[in-house]
There are 2 protein chains.
Amino acid sequence: MSGTNSERELIAEGPAVILVEPQLGENIGMVARAMANFGLAELRLVKPRDGWPSEKARAAASKADHVIDATKVFDTLEEAIADLNFVYATTARERYGFKPVRSPVTAAETLRAKFKAGEKTGVLFGRERWGLTNEEVALADEIVTFPVNPAFASLNIAQAVLLMSYEWMKTGLDDVAATPFLAVEQRPSTKEQVFGLFEHLEEALDSRGYFHPPAKKPKMVDNLRAVISRRGFTEQEISVFRGVIRSLDRFPRRWSKTTGRVEPPENDDEA
Amino acid sequence: MSGTNSERELIAEGPAVILVEPQLGENIGMVARAMANFGLAELRLVKPRDGWPSEKARAAASKADHVIDATKVFDTLEEAIADLNFVYATTARERYGFKPVRSPVTAAETLRAKFKAGEKTGVLFGRERWGLTNEEVALADEIVTFPVNPAFASLNIAQAVLLMSYEWMKTGLDDVAATPFLAVEQRPSTKEQVFGLFEHLEEALDSRGYFHPPAKKPKMVDNLRAVISRRGFTEQEISVFRGVIRSLDRFPRRWSKTTGRVEPPENDDEA
(Lines give C-alpha, C1' and ligand atoms only; values in the text may rest on other atoms or scores of the structure.)
Protein backbone atom coordinates (compact mmCIF):
# COMPACT_ATOMS: atom_id res chain seq x y z
CA MET A 1 0.00 0.00 0.00
CA SER A 2 3.01 2.25 -0.28
CA GLY A 3 5.05 4.00 -2.90
CA THR A 4 5.95 7.44 -4.14
CA ASN A 5 5.96 7.72 -7.87
CA SER A 6 7.58 10.82 -9.27
CA GLU A 7 6.32 10.20 -12.79
CA ARG A 8 2.73 10.68 -11.77
CA GLU A 9 0.96 13.91 -10.98
CA LEU A 10 1.76 15.27 -7.52
CA ILE A 11 -1.32 17.06 -6.23
CA ALA A 12 -0.39 19.80 -3.75
CA GLU A 13 -3.07 22.40 -3.18
CA GLY A 14 -6.09 23.17 -1.03
CA PRO A 15 -6.62 24.13 2.62
CA ALA A 16 -3.79 24.54 5.12
CA VAL A 17 -3.71 22.06 7.98
CA ILE A 18 -2.90 23.83 11.26
CA LEU A 19 -1.80 21.74 14.23
CA VAL A 20 -2.04 23.58 17.55
CA GLU A 21 0.73 22.63 19.99
CA PRO A 22 1.31 19.12 18.67
CA GLN A 23 3.42 17.06 21.05
CA LEU A 24 4.91 14.11 19.18
CA GLY A 25 7.02 14.36 16.05
CA GLU A 26 5.62 10.99 14.95
CA ASN A 27 2.13 12.43 14.90
CA ILE A 28 3.23 15.43 12.87
CA GLY A 29 4.85 13.05 10.40
CA MET A 30 1.73 10.89 10.18
CA VAL A 31 -0.30 14.05 9.56
CA ALA A 32 2.04 15.02 6.69
CA ARG A 33 1.70 11.52 5.23
CA ALA A 34 -2.09 11.64 5.51
CA MET A 35 -2.16 15.04 3.80
CA ALA A 36 0.14 13.94 0.98
CA ASN A 37 -2.01 10.90 0.27
CA PHE A 38 -4.96 13.14 -0.47
CA GLY A 39 -3.26 16.03 -2.21
CA LEU A 40 -2.89 18.54 0.62
CA ALA A 41 0.53 20.13 1.09
CA GLU A 42 0.44 23.13 3.42
CA LEU A 43 1.18 22.23 7.04
CA ARG A 44 1.42 24.85 9.78
CA LEU A 45 2.45 24.21 13.37
CA VAL A 46 1.69 26.38 16.38
CA LYS A 47 4.34 25.88 19.07
CA PRO A 48 5.24 22.22 18.47
CA ARG A 49 6.35 20.92 21.88
CA ASP A 50 9.56 19.25 20.71
CA GLY A 51 10.59 21.97 18.27
CA TRP A 52 11.03 21.98 14.54
CA PRO A 53 12.50 20.54 12.33
CA SER A 54 11.93 17.05 13.68
CA GLU A 55 13.65 13.92 12.44
CA LYS A 56 10.92 11.81 14.00
CA ALA A 57 8.35 13.71 11.97
CA ARG A 58 10.30 13.22 8.76
CA ALA A 59 10.66 9.49 9.40
CA ALA A 60 6.95 9.06 10.14
CA ALA A 61 6.00 11.09 7.06
CA SER A 62 7.02 8.14 4.89
CA LYS A 63 8.59 10.29 2.15
CA ALA A 64 6.03 13.11 2.23
CA ASP A 65 9.09 15.37 2.11
CA HIS A 66 7.37 18.09 0.10
CA VAL A 67 4.98 18.60 3.05
CA ILE A 68 7.65 18.37 5.76
CA ASP A 69 10.03 20.75 3.92
CA ALA A 70 7.32 23.40 3.46
CA THR A 71 6.00 23.23 7.05
CA LYS A 72 5.83 26.62 8.76
CA VAL A 73 6.01 27.22 12.51
CA PHE A 74 4.18 29.99 14.38
CA ASP A 75 4.20 31.30 17.94
CA THR A 76 0.47 31.90 18.09
CA LEU A 77 -2.63 30.55 16.42
CA GLU A 78 -3.57 34.10 15.43
CA GLU A 79 -0.37 34.43 13.40
CA ALA A 80 -0.81 30.96 11.93
CA ILE A 81 -4.17 31.83 10.39
CA ALA A 82 -3.68 35.56 9.79
CA ASP A 83 -3.59 35.26 5.97
CA LEU A 84 -6.54 32.87 5.68
CA ASN A 85 -10.08 33.83 4.71
CA PHE A 86 -12.02 30.96 6.24
CA VAL A 87 -11.12 28.46 8.95
CA TYR A 88 -12.68 25.28 10.36
CA ALA A 89 -11.99 24.03 13.88
CA THR A 90 -12.18 20.26 14.40
CA THR A 91 -13.59 19.06 17.68
CA ALA A 92 -14.93 15.81 19.06
CA ARG A 93 -16.70 17.40 22.00
CA GLU A 94 -19.83 19.45 21.95
CA ARG A 95 -19.01 23.12 22.50
CA TYR A 96 -21.31 25.71 23.86
CA GLY A 97 -21.51 28.33 21.21
CA PHE A 98 -23.17 29.74 18.18
CA LYS A 99 -20.79 28.44 15.52
CA PRO A 100 -22.31 26.24 12.84
CA VAL A 101 -21.33 22.57 13.24
CA ARG A 102 -20.65 20.67 10.00
CA SER A 103 -20.02 17.08 9.00
CA PRO A 104 -16.74 16.32 7.17
CA VAL A 105 -18.67 15.96 3.91
CA THR A 106 -20.28 19.37 4.22
CA ALA A 107 -17.04 20.98 5.42
CA ALA A 108 -15.06 19.51 2.49
CA GLU A 109 -17.65 20.79 0.03
CA THR A 110 -17.45 24.27 1.57
CA LEU A 111 -13.64 24.22 1.46
CA ARG A 112 -13.69 23.12 -2.18
CA ALA A 113 -16.15 25.88 -3.13
CA LYS A 114 -14.02 28.52 -1.40
CA PHE A 115 -10.85 27.10 -2.99
CA LYS A 116 -12.45 27.42 -6.42
CA ALA A 117 -13.42 31.01 -5.57
CA GLY A 118 -9.79 31.81 -4.73
CA GLU A 119 -10.19 32.01 -0.93
CA LYS A 120 -7.46 30.78 1.38
CA THR A 121 -8.75 28.28 3.90
CA GLY A 122 -7.51 26.16 6.76
CA VAL A 123 -8.52 23.46 9.22
CA LEU A 124 -7.43 23.54 12.89
CA PHE A 125 -6.56 20.37 14.80
CA GLY A 126 -5.89 20.41 18.54
CA ARG A 127 -3.40 18.84 20.89
CA GLU A 128 -3.14 15.05 21.18
CA ARG A 129 -4.65 14.92 24.66
CA TRP A 130 -7.30 17.55 24.83
CA GLY A 131 -7.85 19.15 21.46
CA LEU A 132 -8.50 22.85 21.03
CA THR A 133 -9.41 25.32 23.76
CA ASN A 134 -12.68 27.22 23.52
CA GLU A 135 -10.66 30.38 22.80
CA GLU A 136 -8.99 28.65 19.85
CA VAL A 137 -12.30 27.34 18.52
CA ALA A 138 -13.61 30.90 18.77
CA LEU A 139 -11.07 32.02 16.16
CA ALA A 140 -12.56 29.67 13.55
CA ASP A 141 -15.57 30.37 11.36
CA GLU A 142 -17.24 27.00 11.72
CA ILE A 143 -16.81 23.68 13.50
CA VAL A 144 -16.33 20.28 11.87
CA THR A 145 -16.86 17.04 13.78
CA PHE A 146 -16.69 13.37 12.79
CA PRO A 147 -19.55 10.85 12.90
CA VAL A 148 -18.00 8.41 15.37
CA ASN A 149 -19.28 5.53 17.50
CA PRO A 150 -21.03 7.28 20.42
CA ALA A 151 -19.42 4.97 22.99
CA PHE A 152 -15.97 4.92 21.38
CA ALA A 153 -14.82 8.29 20.09
CA SER A 154 -11.05 8.11 19.95
CA LEU A 155 -9.60 9.61 16.79
CA ASN A 156 -6.01 10.77 17.05
CA ILE A 157 -4.91 13.89 15.16
CA ALA A 158 -3.36 11.94 12.28
CA GLN A 159 -6.61 9.99 11.86
CA ALA A 160 -8.69 13.17 11.97
CA VAL A 161 -6.42 14.81 9.39
CA LEU A 162 -6.61 11.67 7.25
CA LEU A 163 -10.42 11.71 7.19
CA MET A 164 -10.64 15.43 6.49
CA SER A 165 -7.99 15.17 3.72
CA TYR A 166 -9.81 12.19 2.21
CA GLU A 167 -13.10 14.09 2.11
CA TRP A 168 -11.27 17.03 0.55
CA MET A 169 -9.86 14.75 -2.17
CA LYS A 170 -13.29 13.29 -2.85
CA THR A 171 -14.81 16.72 -3.50
CA GLY A 172 -12.32 17.07 -6.36
CA LEU A 173 -13.51 13.89 -8.08
CA ASP A 174 -16.13 14.02 -10.78
CA ASP A 175 -17.75 10.91 -9.35
CA VAL A 176 -17.27 9.30 -5.94
CA ALA A 177 -17.78 5.92 -7.56
CA ALA A 178 -14.78 6.44 -9.85
CA THR A 179 -11.64 4.39 -9.15
CA PRO A 180 -8.04 5.07 -10.21
CA PHE A 181 -7.93 1.82 -12.16
CA LEU A 182 -10.53 -0.53 -13.56
CA ALA A 183 -11.10 -4.22 -14.04
CA VAL A 184 -10.03 -5.68 -17.36
CA GLU A 185 -12.74 -4.68 -19.76
CA GLN A 186 -15.19 -7.47 -20.45
CA ARG A 187 -17.88 -7.54 -23.07
CA PRO A 188 -21.12 -9.28 -22.25
CA SER A 189 -21.52 -12.42 -24.33
CA THR A 190 -24.08 -12.69 -27.09
CA LYS A 191 -26.83 -15.29 -26.90
CA GLU A 192 -25.19 -17.17 -29.76
CA GLN A 193 -22.07 -17.57 -27.61
CA VAL A 194 -24.17 -18.79 -24.70
CA PHE A 195 -25.97 -21.32 -26.88
CA GLY A 196 -22.59 -22.54 -28.14
CA LEU A 197 -21.55 -23.19 -24.55
CA PHE A 198 -24.78 -25.05 -23.78
CA GLU A 199 -24.41 -27.29 -26.82
CA HIS A 200 -20.76 -27.99 -26.16
CA LEU A 201 -21.42 -29.01 -22.57
CA GLU A 202 -24.57 -30.97 -23.30
CA GLU A 203 -22.92 -32.94 -26.10
CA ALA A 204 -20.00 -33.87 -23.85
CA LEU A 205 -22.37 -34.97 -21.07
CA ASP A 206 -24.74 -36.78 -23.42
CA SER A 207 -21.93 -38.90 -24.81
CA ARG A 208 -21.28 -40.10 -21.22
CA GLY A 209 -24.89 -40.99 -20.47
CA TYR A 210 -25.40 -38.03 -18.10
CA PHE A 211 -29.01 -37.48 -19.21
CA HIS A 212 -30.63 -40.53 -17.73
CA PRO A 213 -33.34 -41.71 -18.09
CA PRO A 214 -33.83 -40.25 -21.60
CA ALA A 215 -37.38 -39.12 -20.81
CA LYS A 216 -36.01 -36.71 -18.24
CA LYS A 217 -33.50 -35.14 -20.60
CA PRO A 218 -35.54 -32.02 -21.51
CA LYS A 219 -36.09 -31.14 -17.85
CA MET A 220 -32.45 -31.88 -16.98
CA VAL A 221 -31.26 -29.63 -19.81
CA ASP A 222 -33.52 -26.84 -18.58
CA ASN A 223 -32.16 -27.12 -15.06
CA LEU A 224 -28.55 -27.28 -16.20
CA ARG A 225 -28.94 -24.21 -18.38
CA ALA A 226 -30.64 -22.31 -15.57
CA VAL A 227 -27.88 -23.13 -13.07
CA ILE A 228 -24.90 -22.30 -15.25
CA SER A 229 -26.34 -19.10 -16.68
CA ARG A 230 -27.90 -17.54 -13.62
CA ARG A 231 -25.44 -14.67 -13.77
CA GLY A 232 -24.82 -13.21 -17.21
CA PHE A 233 -21.67 -14.45 -18.97
CA THR A 234 -18.97 -12.27 -20.44
CA GLU A 235 -17.20 -13.34 -23.64
CA GLN A 236 -14.08 -14.16 -21.65
CA GLU A 237 -16.02 -16.36 -19.25
CA ILE A 238 -17.60 -18.31 -22.11
CA SER A 239 -14.14 -18.84 -23.51
CA VAL A 240 -12.78 -20.06 -20.15
CA PHE A 241 -15.73 -22.40 -19.62
CA ARG A 242 -15.38 -23.93 -23.07
CA GLY A 243 -11.70 -24.56 -22.44
CA VAL A 244 -12.61 -26.35 -19.22
CA ILE A 245 -15.21 -28.54 -20.96
CA ARG A 246 -12.79 -29.33 -23.78
CA SER A 247 -10.13 -30.42 -21.32
CA LEU A 248 -12.49 -32.59 -19.26
CA ASP A 249 -14.05 -34.03 -22.40
CA ARG A 250 -10.95 -34.88 -24.41
CA PHE A 251 -8.26 -35.91 -22.02
CA PRO A 252 -7.99 -38.67 -19.47
CA ARG A 253 -6.71 -38.02 -15.95
CA ARG A 254 -2.95 -37.54 -15.66
CA TRP A 255 -2.69 -36.85 -19.37
CA SER A 256 0.49 -35.02 -20.25
CA LYS A 257 0.36 -32.45 -23.00
CA THR A 258 4.16 -32.75 -23.20
CA THR A 259 4.49 -36.46 -23.77
CA GLY A 260 1.07 -36.96 -25.30
CA ARG A 261 0.37 -39.92 -23.08
CA VAL A 262 -1.01 -40.87 -19.69
CA GLU A 263 1.73 -40.63 -17.08
CA PRO A 264 2.55 -42.96 -14.16
CA PRO A 265 2.00 -43.82 -11.28
CA GLU A 266 -0.92 -45.68 -12.85
CA ASN A 267 -2.96 -45.54 -16.01
CA ASP A 268 -6.33 -43.94 -15.72
CA ASP A 269 -9.40 -46.05 -16.42
CA GLU A 270 -10.45 -43.69 -19.13
CA ALA A 271 -7.06 -43.71 -20.89
CA MET B 1 -10.28 13.80 20.64
CA SER B 2 -10.37 10.76 22.89
CA GLY B 3 -12.67 9.06 25.31
CA THR B 4 -14.64 5.91 25.84
CA ASN B 5 -18.06 6.50 27.25
CA SER B 6 -19.85 3.44 28.51
CA GLU B 7 -23.14 5.26 28.98
CA ARG B 8 -23.51 5.85 25.28
CA GLU B 9 -24.49 3.35 22.65
CA LEU B 10 -21.63 1.04 21.64
CA ILE B 11 -22.08 0.17 17.98
CA ALA B 12 -20.53 -3.22 17.16
CA GLU B 13 -21.77 -4.80 13.94
CA GLY B 14 -21.08 -4.93 10.23
CA PRO B 15 -18.35 -6.49 8.08
CA ALA B 16 -15.40 -8.41 9.48
CA VAL B 17 -11.98 -6.86 8.97
CA ILE B 18 -9.44 -9.51 7.96
CA LEU B 19 -5.72 -8.68 8.23
CA VAL B 20 -3.51 -11.06 6.24
CA GLU B 21 -0.13 -11.71 7.92
CA PRO B 22 0.06 -8.40 9.78
CA GLN B 23 3.54 -7.80 11.17
CA LEU B 24 3.37 -5.22 13.94
CA GLY B 25 1.17 -5.44 17.01
CA GLU B 26 0.92 -1.63 16.99
CA ASN B 27 -0.71 -1.74 13.59
CA ILE B 28 -3.20 -4.37 14.69
CA GLY B 29 -4.05 -2.17 17.67
CA MET B 30 -4.49 0.91 15.50
CA VAL B 31 -6.76 -1.13 13.23
CA ALA B 32 -8.90 -2.13 16.23
CA ARG B 33 -9.08 1.50 17.32
CA ALA B 34 -10.06 2.64 13.82
CA MET B 35 -12.77 -0.04 13.65
CA ALA B 36 -14.18 0.83 17.08
CA ASN B 37 -14.43 4.51 16.17
CA PHE B 38 -16.76 3.66 13.35
CA GLY B 39 -18.76 0.85 14.88
CA LEU B 40 -17.01 -2.24 13.49
CA ALA B 41 -16.09 -4.97 15.96
CA GLU B 42 -15.10 -8.21 14.23
CA LEU B 43 -11.34 -8.47 13.64
CA ARG B 44 -9.74 -11.59 12.14
CA LEU B 45 -6.01 -12.19 11.75
CA VAL B 46 -4.34 -14.61 9.36
CA LYS B 47 -0.94 -15.69 10.72
CA PRO B 48 0.07 -12.53 12.64
CA ARG B 49 3.88 -12.54 12.53
CA ASP B 50 4.41 -11.85 16.23
CA GLY B 51 1.62 -14.12 17.49
CA TRP B 52 -1.54 -13.42 19.40
CA PRO B 53 -2.54 -12.09 21.91
CA SER B 54 -0.31 -9.03 21.68
CA GLU B 55 0.20 -6.49 24.45
CA LYS B 56 1.45 -3.98 21.87
CA ALA B 57 -1.79 -4.36 19.98
CA ARG B 58 -3.85 -3.86 23.12
CA ALA B 59 -1.91 -0.73 24.05
CA ALA B 60 -2.25 0.77 20.56
CA ALA B 61 -5.97 -0.04 20.48
CA SER B 62 -6.56 2.80 22.95
CA LYS B 63 -9.22 0.92 24.95
CA ALA B 64 -10.94 -0.75 21.99
CA ASP B 65 -10.87 -3.83 24.21
CA HIS B 66 -14.12 -5.22 22.87
CA VAL B 67 -12.44 -5.56 19.46
CA ILE B 68 -9.12 -6.92 20.78
CA ASP B 69 -10.83 -9.47 23.07
CA ALA B 70 -12.99 -10.84 20.25
CA THR B 71 -10.18 -11.05 17.67
CA LYS B 72 -9.88 -14.48 16.04
CA VAL B 73 -6.70 -15.95 14.55
CA PHE B 74 -6.58 -18.29 11.53
CA ASP B 75 -3.85 -20.31 9.81
CA THR B 76 -5.09 -19.60 6.30
CA LEU B 77 -7.09 -16.92 4.55
CA GLU B 78 -9.46 -19.58 3.27
CA GLU B 79 -10.36 -20.52 6.86
CA ALA B 80 -10.63 -16.87 7.87
CA ILE B 81 -13.34 -16.15 5.31
CA ALA B 82 -15.00 -19.58 5.13
CA ASP B 83 -18.24 -18.45 6.81
CA LEU B 84 -18.61 -15.19 4.88
CA ASN B 85 -20.90 -14.62 1.89
CA PHE B 86 -19.16 -11.69 0.24
CA VAL B 87 -15.63 -10.35 0.53
CA TYR B 88 -13.78 -7.25 -0.68
CA ALA B 89 -10.02 -7.17 -1.21
CA THR B 90 -8.31 -3.80 -0.71
CA THR B 91 -5.44 -2.99 -3.00
CA ALA B 92 -3.52 0.13 -3.98
CA ARG B 93 -2.03 -1.41 -7.13
CA GLU B 94 -3.77 -2.20 -10.34
CA ARG B 95 -4.28 -5.95 -10.69
CA TYR B 96 -4.66 -7.85 -13.85
CA GLY B 97 -7.96 -9.54 -13.60
CA PHE B 98 -11.64 -9.54 -14.15
CA LYS B 99 -12.83 -8.53 -10.68
CA PRO B 100 -14.93 -5.40 -10.44
CA VAL B 101 -13.01 -2.49 -8.89
CA ARG B 102 -15.00 -0.24 -6.53
CA SER B 103 -14.46 3.06 -4.73
CA PRO B 104 -14.79 3.05 -0.91
CA VAL B 105 -18.16 4.80 -1.22
CA THR B 106 -19.56 2.18 -3.58
CA ALA B 107 -18.05 -0.67 -1.55
CA ALA B 108 -19.50 0.66 1.70
CA GLU B 109 -22.94 0.96 0.12
CA THR B 110 -22.70 -2.63 -1.13
CA LEU B 111 -21.58 -3.88 2.30
CA ARG B 112 -24.44 -2.03 3.98
CA ALA B 113 -27.00 -3.46 1.54
CA LYS B 114 -25.71 -6.98 2.12
CA PHE B 115 -25.65 -6.42 5.90
CA LYS B 116 -29.29 -5.38 5.78
CA ALA B 117 -30.07 -8.50 3.74
CA GLY B 118 -28.47 -10.67 6.43
CA GLU B 119 -25.31 -11.62 4.51
CA LYS B 120 -21.97 -11.97 6.28
CA THR B 121 -19.30 -9.83 4.70
CA GLY B 122 -15.64 -8.99 5.15
CA VAL B 123 -12.85 -6.77 3.88
CA LEU B 124 -9.30 -8.07 3.35
CA PHE B 125 -6.24 -5.93 4.09
CA GLY B 126 -2.74 -7.04 3.16
CA ARG B 127 0.67 -7.03 4.80
CA GLU B 128 2.30 -3.75 5.78
CA ARG B 129 4.94 -3.89 3.07
CA TRP B 130 3.36 -5.43 0.04
CA GLY B 131 -0.33 -5.92 0.52
CA LEU B 132 -2.20 -8.96 -0.73
CA THR B 133 -0.91 -11.54 -3.20
CA ASN B 134 -2.80 -12.08 -6.43
CA GLU B 135 -3.87 -15.47 -5.09
CA GLU B 136 -5.39 -13.79 -2.02
CA VAL B 137 -7.15 -11.15 -4.11
CA ALA B 138 -8.55 -13.99 -6.21
CA LEU B 139 -10.45 -15.28 -3.15
CA ALA B 140 -12.42 -12.04 -2.88
CA ASP B 141 -15.55 -11.12 -4.82
CA GLU B 142 -14.59 -7.57 -5.67
CA ILE B 143 -11.73 -5.10 -5.23
CA VAL B 144 -11.86 -1.79 -3.36
CA THR B 145 -9.22 0.89 -3.86
CA PHE B 146 -8.78 4.40 -2.46
CA PRO B 147 -8.72 7.66 -4.44
CA VAL B 148 -5.20 8.78 -3.49
CA ASN B 149 -2.74 11.32 -4.82
CA PRO B 150 -1.31 9.65 -7.95
CA ALA B 151 2.27 10.59 -7.02
CA PHE B 152 1.95 9.83 -3.31
CA ALA B 153 0.01 6.68 -2.56
CA SER B 154 1.12 5.57 0.88
CA LEU B 155 -1.74 4.45 3.10
CA ASN B 156 -0.78 2.09 5.91
CA ILE B 157 -3.18 -0.68 6.92
CA ALA B 158 -4.57 1.23 9.89
CA GLN B 159 -5.30 4.21 7.65
CA ALA B 160 -6.93 2.01 5.02
CA VAL B 161 -9.08 0.34 7.69
CA LEU B 162 -9.96 3.77 9.12
CA LEU B 163 -11.22 5.06 5.76
CA MET B 164 -13.17 1.91 4.98
CA SER B 165 -14.70 1.87 8.50
CA TYR B 166 -15.60 5.56 8.19
CA GLU B 167 -17.37 4.99 4.87
CA TRP B 168 -19.19 2.04 6.45
CA MET B 169 -20.37 4.28 9.31
CA LYS B 170 -21.54 6.94 6.89
CA THR B 171 -23.75 4.49 5.01
CA GLY B 172 -25.63 3.98 8.29
CA LEU B 173 -26.43 7.68 8.67
CA ASP B 174 -29.69 9.10 7.42
CA ASP B 175 -27.86 12.14 6.12
CA VAL B 176 -24.12 12.65 5.53
CA ALA B 177 -24.55 16.29 6.52
CA ALA B 178 -25.81 15.29 9.98
CA THR B 179 -23.50 15.88 12.96
CA PRO B 180 -23.53 14.25 16.39
CA PHE B 181 -24.10 17.61 18.05
CA LEU B 182 -25.36 20.95 16.85
CA ALA B 183 -24.70 24.61 17.40
CA VAL B 184 -26.84 26.31 20.02
CA GLU B 185 -30.16 26.76 18.35
CA GLN B 186 -30.63 30.26 17.03
CA ARG B 187 -33.80 31.79 15.71
CA PRO B 188 -33.51 34.30 12.90
CA SER B 189 -34.39 37.77 14.12
CA THR B 190 -37.56 39.56 13.07
CA LYS B 191 -37.34 42.84 11.20
CA GLU B 192 -38.70 44.60 14.26
CA GLN B 193 -35.68 43.39 16.24
CA VAL B 194 -33.34 44.54 13.49
CA PHE B 195 -34.96 47.97 13.40
CA GLY B 196 -34.59 48.17 17.18
CA LEU B 197 -30.86 47.56 16.82
CA PHE B 198 -30.54 50.21 14.13
CA GLU B 199 -32.34 52.80 16.22
CA HIS B 200 -30.39 51.99 19.34
CA LEU B 201 -27.04 52.30 17.56
CA GLU B 202 -28.00 55.37 15.56
CA GLU B 203 -29.26 57.22 18.62
CA ALA B 204 -26.04 56.47 20.51
CA LEU B 205 -23.94 57.65 17.57
CA ASP B 206 -26.11 60.67 16.86
CA SER B 207 -25.75 61.90 20.44
CA ARG B 208 -21.95 61.94 19.86
CA GLY B 209 -22.09 63.84 16.57
CA TYR B 210 -21.19 60.80 14.45
CA PHE B 211 -23.50 61.85 11.60
CA HIS B 212 -21.62 64.85 10.32
CA PRO B 213 -22.36 66.97 8.32
CA PRO B 214 -26.12 66.64 9.00
CA ALA B 215 -26.93 66.72 5.27
CA LYS B 216 -25.10 63.44 4.84
CA LYS B 217 -26.92 61.69 7.63
CA PRO B 218 -29.46 59.79 5.46
CA LYS B 219 -26.70 58.37 3.26
CA MET B 220 -24.52 57.53 6.28
CA VAL B 221 -27.43 55.73 7.93
CA ASP B 222 -28.02 53.73 4.76
CA ASN B 223 -24.38 52.66 4.60
CA LEU B 224 -24.20 51.81 8.29
CA ARG B 225 -27.33 49.66 8.08
CA ALA B 226 -26.02 47.91 4.98
CA VAL B 227 -22.68 47.10 6.60
CA ILE B 228 -23.97 45.81 9.91
CA SER B 229 -26.76 43.73 8.44
CA ARG B 230 -25.09 42.17 5.42
CA ARG B 231 -25.46 38.75 6.97
CA GLY B 232 -28.83 38.02 8.54
CA PHE B 233 -28.98 38.43 12.33
CA THR B 234 -30.21 35.87 14.79
CA GLU B 235 -32.11 36.93 17.89
CA GLN B 236 -29.09 36.12 20.03
CA GLU B 237 -26.84 38.25 17.88
CA ILE B 238 -29.17 41.20 18.11
CA SER B 239 -29.14 40.78 21.87
CA VAL B 240 -25.32 40.62 21.99
CA PHE B 241 -24.97 43.67 19.75
CA ARG B 242 -27.38 45.72 21.81
CA GLY B 243 -25.46 44.82 24.95
CA VAL B 244 -22.28 46.05 23.27
CA ILE B 245 -23.87 49.33 22.24
CA ARG B 246 -25.32 49.81 25.71
CA SER B 247 -21.95 49.27 27.29
CA LEU B 248 -20.11 51.62 24.92
CA ASP B 249 -22.85 54.20 25.22
CA ARG B 250 -23.31 54.28 28.98
CA PHE B 251 -20.00 53.58 30.61
CA PRO B 252 -16.64 55.33 30.54
CA ARG B 253 -13.40 53.40 30.01
CA ARG B 254 -12.20 51.35 33.01
CA TRP B 255 -15.63 51.48 34.61
CA SER B 256 -16.04 48.79 37.24
CA LYS B 257 -19.43 47.23 37.61
CA THR B 258 -18.31 46.03 41.04
CA THR B 259 -17.32 49.33 42.57
CA GLY B 260 -19.56 51.48 40.39
CA ARG B 261 -16.72 53.86 39.61
CA VAL B 262 -13.82 54.41 37.25
CA GLU B 263 -10.79 52.48 38.44
CA PRO B 264 -7.09 53.48 38.58
CA PRO B 265 -4.42 53.75 37.16
CA GLU B 266 -5.98 56.92 35.79
CA ASN B 267 -9.39 58.43 35.34
CA ASP B 268 -10.75 58.29 31.86
CA ASP B 269 -11.45 61.53 30.05
CA GLU B 270 -15.04 60.54 29.62
CA ALA B 271 -15.61 59.69 33.29
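The chains referred to below are lettered A, B, ... by the order of the sequence lines, with proteins before strands, and numbering in each begins at 1.
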Enquirer: Can you give me the closest heavy-atom contact between A:Ser154 and B:Ser62, atom names plus distance?
Expert: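 Here A:Ser154 and B:Ser62 meet closest at OG-OG, 3.4 Å.
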Enquirer: Which region of B:Ala108, side chain (C-beta onward) or backbone (N, CA, C, O), has a non-hydrogen atom less than 4.5 Å from a non-hydrogen atom of chain A, or is it both or neither?
Expert: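 Contact with chain A involves no heavy atom of B:Ala108 at all.
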Enquirer: Which atoms of B:Ala178 are under 4.5 Å from chain A, going by heavy atoms: the side chain, the backbone, both sets, or neither?
Expert: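 Interface part for B:Ala178: backbone (N, CA, C, O).
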Enquirer: Report which part of A:Gln236 has an atom under 4.5 Å of a heavy atom belonging to chain B: side chain, backbone, both, or neither.
Expert: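 For A:Gln236, the contact with chain B is made by the side chain alone.
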Enquirer: Looking only at non-hydrogen atoms, find the nearest pair between A:Phe152 and B:His66 and report the distance.
Expert: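 Heavy-atom minimum between the residues: CD1-CE1, 4.5 Å.
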Enquirer: Decide yes or no for A:Leu155 and B:Phe38: does some side-chain heavy atom of the first lie under 4.5 Å from some side-chain heavy atom of the second?
Expert: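 Counting from C-beta outward, A:Leu155 and B:Phe38 do come under 4.5 Å.
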Enquirer: What residue, out of A:Pro147, A:Gly39, A:Ala158, has the most heavy-atom pairs lying under 4.5 Å from chain B?
Expert: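 Of A:Pro147, A:Gly39, A:Ala158, A:Pro147 has the most heavy-atom pairs under 4.5 Å with chain B.
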Enquirer: Which heavy atom of B:Asn156 sits nearest to which heavy atom of A:Met30, and what is that distance?
Expert: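 Answer, listing the atom of B:Asn156 first, then A:Met30: ND2-CE, 3.5 Å.
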Enquirer: Taking NZ in B:Lys99 as the centre, count heavy atoms belonging to other residues, nucleotides or ligands within less than 6.0 Å. Is the count above 12?
Expert: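 Counting neighbours around NZ of B:Lys99, more than 12 heavy atoms of other residues, nucleotides or ligands fall under 6.0 Å, so yes.
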Enquirer: Quick check on A:Phe241: does its CZ atom have over 12 non-hydrogen neighbours (other residues, nucleotides or ligands) under 6.0 Å away?
Expert: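 Not buried by this count: 12 neighbours or fewer within 6.0 Å.
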Enquirer: Under 4.5 Å, counting heavy-atom pairs only, tell me which of A:Thr234, A:Val105, A:Thr106 racks up the most with chain B.
Expert: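 The option with the most such pairs is A:Val105.
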Enquirer: Counting heavy-atom pairs closer than 4.5 Å to chain A, which one of B:Lys170, B:Gln159, B:Met169 comes out on top?
Expert: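 Of the candidates given, the most pairs with chain A belong to B:Gln159.
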Enquirer: Between A:Asn149, A:Val148, A:Val176, A:Leu173, which shows the greatest number of heavy-atom pairs under 4.5 Å with chain B?
Expert: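 Among the listed options, the one with the most contacts to chain B is A:Asn149.
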Enquirer: Could you check whether any side-chain heavy atom of A:Phe181 comes within less than 4.5 Å of a side-chain heavy atom of B:Arg93, counting everything from C-beta outward?
Expert: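 Heavy-atom side-chain distance check fails, nothing below 4.5 Å.
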